Amino acid sequence: MTKFIKDFRDFILHGNVVDMAVGIIIGLAFSTVVKSLVSDIIMPPIGLVLGHVDFTNLFVTLKPGTTPGPYATLAMAHKAGAVTVNYGLFINTVLNLVIIGFCVFLMVRAVSRLRRPAPVAVTTRECPFCATNIPLKAQRCPNCISEIQPVAPAPAAA
């Protein structure tokens, strides 16, 4: 049993697992912020432009509850036990997904720019006679012994 616990501890403390856990926690916090951004900041002006519509209260009643409808709010419909299709909440969720996806895209793009490898200085060229790689400063090809004009190395890119 102690080997099992040791293996489990090693697995949990492995770098990738800890990184993944931190990423999930930050993702959940970020998702909460984006949900608030959509439902508290973006959707109210859109609802105002569309005629004072509260997207959270956009629904279709499929079956009335114990108290007959119409229901003014989704909360009233749920309280009455009505069966509803909540397309306003779906619109909010889709907007959350689009905003989170866009933010993740921007973060991945920024990280990939940071990880882009530095340009490598060219140190070889091709022999015009035998097509093998030779040093830039070479005056004779070591493979076919042809005489070649040396080339000065290009300055390193800044």
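In this chain, residues are counted from 1 in sequence order. Keep in mind the model is a prediction, meaning the values are calculated, not measured.
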- If you look at every heavy atom in Tyr71 and Phe59, which pair is closest and at what distance? O-CZ, 3.6 Å
- Looking at Asn92 and Val38, what are the two nearest heavy atoms and their distance? O-CG1, 3.8 Å
From [atom1] ([X]) to [atom2] ([Y]), nearest 0.5 Å:
X      : Y      : atom1 : atom2 : result
Thr56  : Ile91  : OG1   : CD1   : 11.0 Å
Thr66  : Lys79  : OG1   : NZ    : 10.0 Å
Leu95  : Ile42  : CG    : CD1   : 6.5 Å
Ile100 : Ser31  : CD1   : OG    : 4.0 Å
Leu58  : Thr84  : CG    : OG1   : 11.5 Å
Ile134 : Thr123 : CD1   : OG1   : 11.5 Å

Hydrophobic cluster membership, with links at side-chain heavy-atom distances under 4.5 Å among I/L/V/M/F/W/Y: are [X] and [Y] in one?
X     : Y      : value
Ile99 : Leu97  : no
Val34 : Val104 : yes
Met43 : Tyr87  : yes

With a 4.5 Å limit on heavy-atom distance, are the side chains of [X] and [Y] in contact?
X      : Y      : answer
Val49  : Pro45  : no
Cys130 : Ser146 : no
His78  : Asn86  : yes

- Message: Determine whether Ile148 and Arg125 satisfy the following criterion, side-chain contact (heavy atoms from CB on, under 4.5 Å), listing intermediate values before the conclusion.
- Response: CA-CA 11 Å; Ile148 303 166; Arg125 63 183 171 136; 2.9 Å; yes
[X] side-chain N/O to [Y] backbone N/O, donor-acceptor pair under 3.5 Å:
X     : Y     : value
Thr73 : Met76 : yes
Thr32 : Leu28 : yes
Ser36 : Val33 : no
Thr93 : Leu89 : yes

- Item | Between Thr132 and Asn143, a side-chain donor and acceptor under 3.5 Å | yes
Can you tell me if [X] has over 12 outside heavy atoms packed within less than 6.0 Å of its [atom1]?
X      : atom1 : result
Phe30  : CZ    : yes
Ile145 : CD1   : no
Arg9   : CZ    : yes

